[in-house]
Each structure stands twice: as C-alpha cells, then as structure tokens.
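The structure under discussion appears below in the form of structure tokens.
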Amino acid sequence: MRSVQSLFLVFFIIIYLIINFGTYISLLKLFKGQAKRYFKYFFITYSLLLILAFTYFYIYPNKPREASNYGFYFYFNAILFIDFFVKLPLFITGIIALFFKKKQIIKFSSLIIAAGVGFSMVYGLTVGNKSLKISHIELDFPDLPEGFNNYKIAQISDIHLGSFKKSNPLLKKVANEVKNIAPDLILFTGDLVNNFAYEIDGWEPVFNEITSNIQCYSILGNHDYGDYTRWNSENKKVENLKQVIDSHSKLGFHILRNQNVTLKSGNDSIFLIGVENWGHAPFPQYADLNKALENVPETGFKVLMSHDPAHWESRISGQREDIALTLSGHTHGLQMGFKPAGIPFSLSYLTRINWGGLYTDGKTFLYVNTGLGTVGIPWRIDMPAELTVITLKRSKIDGE
C-alpha cells in the first residue's frame, strides 16, 4: 500500500511540474521588460515553495496518516488545489494556442476562466462552507401506519468535528432550523469525527441545543473507527473508538450498532434500524443487517440508517423491498457541485451513481445527505451543508 501511495505522490508531482511549466511559458509571454523578470522570480520562487511544502507534508518528514492537526493539511490542500485548477486552463489553452494564429485572444480567455475558477474556490473556502441548505422531502407509503402520517424526520450527516473551528456558526444554524422545523425524530448518519475522540471536546452545549427534547438516534461512519491514522497500539485505537461511541450519548444521540428500536406514535409502531459502516473496498464492512433486523416483524415498516449508500446499492436495492427507506451520507457530494441546465451534478457521479438526494428502486427509497462538515479540503463549492427534512405520508388506499 505504501508503495502505491509513493507512486501516486511521484505521479502527482510529475503532472504538477508539467502543468506548472506550461503555465509558466503561457504567462511569460504576457509580460515585457522589467515586469517579465519580476514575474520569473515570483513564479519560480512560489512554485518551489509549494513543492517543498508538499514534500514536507506528504513525503518527509510528515505523513498524513500520522497527522492530528488537520488545519495545516486542510488549508494547504486548499492552496494546492486552487493553484492546480487555476493553472490547468492556462496550461490547456497554452497548448491550444500553439495551433491557432490569434493566440492573444485564447490566452486572455484562459485568464478569465482561471480567474473564475479561482474565485469559485476561494468563495467555497470562505463562504460556501458556512452555508446551509434545507431539503424538504415528502414520501408516500401505502403501508405506513396511520399514526405516522405527517411524521417528520430530520437527517444530518458527516459532521467531521475535527474540520470545524470552534467559532464555526454552521451547527448553530442547524440548531435554529431544528427549532423552527420541530421534527418528531432526528437521525445522524455517521462520521462524527475525522479520527479522534478529542475532536468532540467542547461541542456538547451546541449539540444539546439540537438534540434536546427530541428523539435522536445515530450510527457510526467510516471515519469514526479511527482507521485513517496510525496508532501506537491496537489498545489505543480501541479506546478511542469507545470514547467516540460514548460521546454520542453525551451529545444527545442513542447510537445503534447493528441494532433496531421501535418508534411509537399513538398506538402505532415503526422500526428504526441502524447498521455499522459498510462500503465497497477499501472501506470497512462492519454492517450486519441480519443481526440489526432481529425481532423486527417482516411486515413492519422499516427505516434503515446506513452511512455509505454503497450498502443500499449492494444489499438493499432489488433485494429488500421490506425496507421502506434508507438514509445515508458519506459522499459529501464531493463538496463540489454544478448545475448544468439547472440539474444538480457532482463529480461524485464518476465513482457512484447515488451521490446525493433521493433515489428509488421499486418500493424502497434511498436518501443521500451530502453532510454538514468537510474533509480533505475545508470548502463547499455549490454543494452547501445539508439538513434534510423527510415527511412520511400515508398513501390513500382504495376504500379509505
């Protein structure tokens, strides 16, 4: 695995150097005289510093899996990605310009594109990651017990507390919206932390504003197990996981680990099932759906919490129509979206079809929440944090 990672890092540096050189040649022709000399010094010095910083953080002496201070990595990643994607159109248009006479028009067009890309990324880093989208969904079910007609479920997911600054107002916004919505149930579909239990310290008051006086249930996400860092011993990893699990109750959630609970409304009941994380390799596959469904009647109305939508794709869709609704997260919508012809789209689609929003297969539904927090890079570009409000409706049956 480490050899694969090393090859990837070397490959990235080679690609970056090629794009960097192409951008340098392309921009150099825009300057003359003294300005040209200053540009050379600046560009070369800046590029060397960026490569040295990349080497320092990712190759030697640091390793991302050994990091506990995410801030340095997240903001360096942001600088690196902005630099890369701003230079990419300059590089591409520089190549295109080789085959056309009106080179200046092409080059100035590339500058406009690069400026637009850079502005979008900076906006996502400074403003977009603090925005909150409320998604209201109504779902009709003919077998929903009458007592649960108009039952409101608020779903949140992928908080990643280690990526939040203590002053971040986003969770305060969530608390205010929850008060206004007054849901019957709050479900949190995993990834409370990036890796470490200490990330939760100090957040109890904010969460208590969200979870007080409401039934709240949660599950674990792939990041909660501490699989993405190196531990000095297996015991420390186990203890960290125990602390993360215990923290759910301190924050107001009842955690379900391959378990189920009966929800009551009047004389009627539905069943909430929560499984541990299950994803396509290399993500862990800890879910045990059969265990989670123990003592749940086959005809009972079931809502499943499963962090990774891959679980629905592989184990529910086309196989378990008795599970009416599955709620997932995990994808973040790649924290970057587009709306061609007004239709939301994310590059997540290149790796998974079910990346965000509502999906259906026969009688069963999947909703993928694109999360509240960030991971890798602390931005959200046209992919704001999401609070989902799902209202269950009982479809009218002939004769009613």
Side-chain angles (χ1 to χ4, degrees), residues 64-71 73-74 155-166 168 170-171 174-175 186-212 214-261 272-279 282-288 291-292 304-308 311 327-332 369 371-376 378 385:
R65 287 179 66 90
E66 296 170 0
S68 58
N69 188 339
Y70 301 113
Y73 275 91
F74 288 171
Q155 181 197 4
I156 56 176
S157 194
D158 297 85
I159 297 174
H160 292 277
L161 284 174
S163 306
F164 275 95
K165 291 181 179 179
K166 294 299 181 184
N168 195 304
L170 187 58
L171 291 180
V174 173
I186 296 177
L187 300 180
F188 168 51
T189 45
D191 275 358
L192 179 61
V193 299
N194 288 332
N195 278 302
F196 305 108
Y198 67 72
E199 297 169 36
I200 302 161
D201 294 346
W203 285 106
E204 290 90 342
V206 177
F207 274 89
N208 289 335
E209 288 184 38
I210 298 172
T211 58
S212 60
I214 304 175
Q215 287 190 93
C216 302
Y217 292 90
S218 62
I219 57 173
L220 295 172
N222 54 298
H223 278 264
D224 295 321
Y225 297 92
D227 289 337
Y228 303 119
T229 191
R230 289 196 177 92
W231 299 92
N232 293 331
S233 70
E234 185 63 23
N235 287 340
K236 287 190 175 181
K237 181 180 178 181
V238 171
E239 179 58 27
N240 184 76
L241 176 58
K242 181 180 181 300
Q243 290 175 17
V244 170
I245 292 167
D246 290 344
S247 293
H248 279 245
S249 61
K250 294 176 184 176
L251 301 180
F253 295 101
H254 300 279
I255 191 169
L256 298 177
R257 303 182 64 201
N258 295 327
Q259 296 167 301
N260 66 78
V261 65
L272 177 65
I273 299 104
V275 294
E276 302 216 32
N277 188 66
W278 192 102
F283 294 107
Q285 299 181 344
Y286 301 133
D288 187 336
K291 180 182 176 184
L304 171 67
M305 290 191 293
S306 183
H307 176 70
D308 192 328
H311 188 234
L327 300 178
S328 297
H330 180 65
T331 71
H332 297 220
N369 180 291
L372 290 176
T374 60
V375 70

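To the nearest 0.5 angstrom, Ser218 atom OG is 9.0 Å from Ile156 atom CD1. In this structure, NE2 on His223 lies 8.5 Å from OG on Ser163, to the nearest 0.5 angstrom. Rounded to the nearest 0.5 angstrom, Thr331 OG1 and Asp158 CG are separated by 7.5 Å. In this structure, NE2 in His254 is found 9.0 Å from OG in Ser249, a value given to the nearest 0.5 Å. Taking CG of Asp288 as the reference point, atom CZ of Arg257 lies at 12.0 Å (rounded to 0.5 Å). Rounding to the nearest 0.5 Å places OH of Tyr228 at 8.5 Å from CG of Asn195.
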For Leu251 and Asn208: C-alpha separation, side-chain torsions, deciding distance, then whether side chain to side chain contact (heavy atoms under 4.5 Å, CB included) applies. CA-CA 6 Å; Leu251 301 180; Asn208 289 335; 5.6 Å; no
Test side chain to side chain contact (heavy atoms under 4.5 Å, CB included) on Tyr286 and Asn258 and set out the steps. CA-CA 9 Å; Tyr286 301 133; Asn258 295 327; 5.6 Å; no
Quick one, Leu192 with His248, criterion side chain to side chain contact (heavy atoms under 4.5 Å, CB included). Give me CA distance, side-chain angles, the key distance, then yes/no. CA-CA 9 Å; Leu192 179 61; His248 279 245; 3.8 Å; yes
Going through the checks in order, is the side-chain hydrogen bond (donor to acceptor under 3.5 Å, both in side chains) test met by Asp191 and Ser157? CA-CA 7 Å; Asp191 275 358; Ser157 194; over 6 Å; no
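Checked against a 6.0 Å centroid threshold, the rings of His160 and His332 count as neighbours.
Looking only at distances, no side-chain donor or acceptor of Thr229 sits under 3.5 Å from a matching main-chain atom of Gly226. Between the side chain of Asn240 and the main chain of Ala197, a donor-acceptor pair closer than 3.5 Å is present. At least one donor-acceptor pair closer than 3.5 Å links the side chain of Gln155 to the backbone N or O of Ser328.
Minimum heavy-atom separation, Ala385 to Leu170: CB-CD2, 3.6 Å. A pairwise comparison of heavy atoms in Ala292 and Gly274 identifies CB-O, 4.2 Å as the closest pair. Closest non-hydrogen pair, Gly202 versus Pro205, comes out as O-CD, 3.6 Å. Between Ile219 and Leu256, the shortest heavy-atom distance links the atoms CG2-O, 3.6 Å. Heavy-atom minimum distance, Gly376 versus Phe74: O-CD2, 3.3 Å. Nearest heavy-atom pair, Gly279 versus Gln285, reported as atom, atom and distance to 0.1 Å: O-NE2, 2.9 Å.
Here the side chains of Ile186 and Phe253 are in contact, with some heavy-atom distance below 4.5 Å. The side-chain heavy atoms of Val275 and His311, taken from C-beta on, include a pair separated by under 4.5 Å. Two residues are said to be in side-chain contact when any heavy atoms from C-beta on lie closer than 4.5 Å; Glu234 and Val238 meet this criterion. Under the 4.5 Å side-chain criterion, counting only non-hydrogen atoms from C-beta, Leu220 is not in contact with Asn277. Contact annotation: the side chain of Asn194 approaches that of Glu199 to within less than 4.5 Å [non-hydrogen atoms, C-beta and beyond]. In this structure the side chain of Leu327 never reaches within 4.5 angstrom of the side chain of Leu304, judged on heavy atoms. Between Ile245 and Asp224 there is no side-chain heavy-atom pair separated by less than 4.5 Å. The shortest distance between side-chain heavy atoms of Ile214 and Thr211 does not fall below 4.5 Å.
With salt bridges taken as basic N to acidic carboxylate O contacts below 4.0 Å, none links Lys250 and Glu204.
For the residue pair Asn222 / His330, a side-chain donor-acceptor distance below 3.5 Å is found, with atom types taken as modelled. Checking Tyr225 against Glu276 by side-chain atom types alone, a donor-acceptor pair falls below 3.5 Å. Side-chain contact check for His307 and Thr189: no donor-acceptor pair (N or O, by modelled atom type) lies under 3.5 Å.
Asp227 pairs by the salt bridge (charged side-chain N to carboxylate O under 4.0 Å, His left out) definition with Lys237, not counting sequence neighbours.
Ring orientation note: the planes of Trp231 and Phe196 are nearly perpendicular, at an angle over 60° on the 30°/60° scale. Ring orientation note: the planes of Trp203 and Phe207 are nearly perpendicular, at an angle over 60° on the 30°/60° scale.
A side-chain contact (heavy atoms from CB on, under 4.5 Å) with Leu161 is found for exactly one of Leu171, Leu372, Asp201, namely Leu171.
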